[in-house]
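Have a look at the structure below, then the notes.
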Number of protein chains: 2
Amino acid sequence: MFSKSCQYAIRAVIYLTAHGREGQNTGVKEIAEALQVPQQFLAKILQELVRHHLLSSVKGPNGGFFLSEKNLKMSLLEVVECIDGKAVLTSCVLGLPQCSGVNPCPLHHQFVTCREGMREMLVNKKITEISADLLPQVSRF
Amino acid sequence: MFSKSCQYAIRAVIYLTAHGREGQNTGVKEIAEALQVPQQFLAKILQELVRHHLLSSVKGPNGGFFLSEKNLKMSLLEVVECIDGKAVLTSCVLGLPQCSGVNPCPLHHQFVTCREGMREMLVNKKITEISADLLPQVSRF
DNA sequence: GAAGTTCATGTTTTCAAAATCCTGTCAGTA
DNA sequence: TACTGACAGGATTTTGAAAACATGAACTTC
């Protein structure tokens with residue numbers, strides 16, 4: 001469904017909502033170790049999010065990443081579309097470029113229904129919200 | 001969502017339901033040209049389907065692929081699981097190996113709902129059925 | 001039974017995603 | 001101002017899916 005980069009991005013954001021301490025930045029190293037993903041690769045992904053203003057960062061000692069007030073209002077959909085592109089949620093299941101509502105493939109209509117559910121989920125999952133969901137959990141994301 | 005191989009597989013099966021002539025075999029060449037996909041690569045995929053008894057074939061001149069009575073009763077889910085493996089419809093959205101109903105990731109429950117819709121669609125899409133859906137269409141699949 | 005056609009299959013090549021390497025830039029501290 | 005820690009980003013390598021190549025096996029027809 002989503003690329004590995006995208007999965008890492010979502011997990012990193014979730015990690016920040018859960019473990020990001022108020023007014024304190026979190027380094028890539030810490031995030032990468034917690035998520036057990038390659039640090040340098042994760043850094044690239046986080047930089048991409050920063051470039052798209054979905055995440056904030058500060059350089060230098062005690063620097064790191066954090067979610068600003070504005071960032072927290074974002075939905076997961078924005079993260080997904082930033083990394084995997086808008087096409088993930090619009091392109092044809094069968095990979096047909098000409099497939100659309102007016103010229104649908106045999107699976108089009110039913111698949112659109114499924115996918116809209118997915119989009120709904122991603123739009124409604126505000127980053128703030130996730131934090132609350134996570135409270136009873138111990139596992140690492 | 002699905003791999004390219006899987007998309008080709010589904011499209012090939014759809015092509016056969018629509019263009020496969022009764023008691024006559026259809027060669028890879030014809031299918032590949034119609035779908036505009038690499039012939040040798042498609043051949044591999046079709047062979048995989050044959051090995052799993054989801055498609056039938058005969059060798060030699062006038063040989064080719066066809067859907068037997070038994071094949072026509074299969075659902076698209078079987079095609080998908082044959083090519084992409086069962087995991088496509090069960091693995092965690094975030095790629096977490098330990099994610100499950102009892103130890104869910106923050107997106108687990110909502111994603112499962114979406115995915116069940118998808119599974120339903122694939123189970124209900126019997127191969128026979130697709131043929132009927134296609135009648136009013138001209139486009140190539 | 002020889003020739004030609006078509007599926008079957010093992011091996012190699014290509015290409016993009018994933019991962020790593022290396023250097024640059026910025027900020028804080030002494 | 002020099003040093004250090006951390007993000008930024010270009011370039012390169014690795015990996016695995018996708019595609020191409022080459023050969024073998026089965027079947028038809030003449």
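Basis for what follows: all heavy atoms, side chains included, without hydrogens, waters or symmetry-related copies. By convention in this document, chain letters (A, B, ...) are assigned in the order of the sequence lines, proteins followed by strands, and residues within each chain are numbered from 1.
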Per-nucleotide protein contact string for nucleotides 4-11 of chain C, where B marks a base within reach and S marks sugar-phosphate only (heavy atoms under 4.0 Å, - for neither): BBBBBBBB
Restricting to salt bridge (Lys or Arg N to Asp or Glu O under 4.0 Å), what partner residues turn up for B:Glu120, sequence neighbours left out? none
B:Phe41 has an atom CZ; how far is it from atom P of C:dT12, in whole Å?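 Taking atom P of C:dT12 as the reference, CZ of B:Phe41 is at 19 Å.
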Whole-Å gap separating C1' (C:dA19) and CD1 (A:Ile83):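 From A:Ile83 CD1 to C:dA19 C1': 15 Å.
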Distance-only donor-acceptor check, side chains B:Ser68 and B:Asn71, under 3.5 Å: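 Per modelled atom types, B:Ser68 and B:Asn71 side chains form a pair under 3.5 Å.
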B:Glu30/B:Arg21 salt bridge by N-O under 4.0 Å criterion: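 A salt bridge is present here (some side-chain N lies under 4.0 Å from a carboxylate O).
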Test: A:Glu33 and A:Lys29 ion pair at under 4.0 Å: yes
In the 5' to 3' direction, the nucleotides of DNA chain D bounding the stretch that comes under 4.0 Å of a heavy atom in chain A are D:dT4 to D:dA11
Exam field: side chain [X] to backbone [Y], donor-acceptor pair closer than 3.5 Å:
X        : Y        : answer
B:Gln98  : B:Asn103 : no
B:Asn25  : B:Asn62  : yes
B:Arg115 : B:Ser91  : yes

For residues B:Leu67 and B:Val58: do they belong to one hydrophobic cluster (side chain heavy atoms under 4.5 Å, members Ile, Leu, Val, Met, Phe, Trp, Tyr)?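 Unlinked, B:Leu67 and B:Val58 end up in two clusters.
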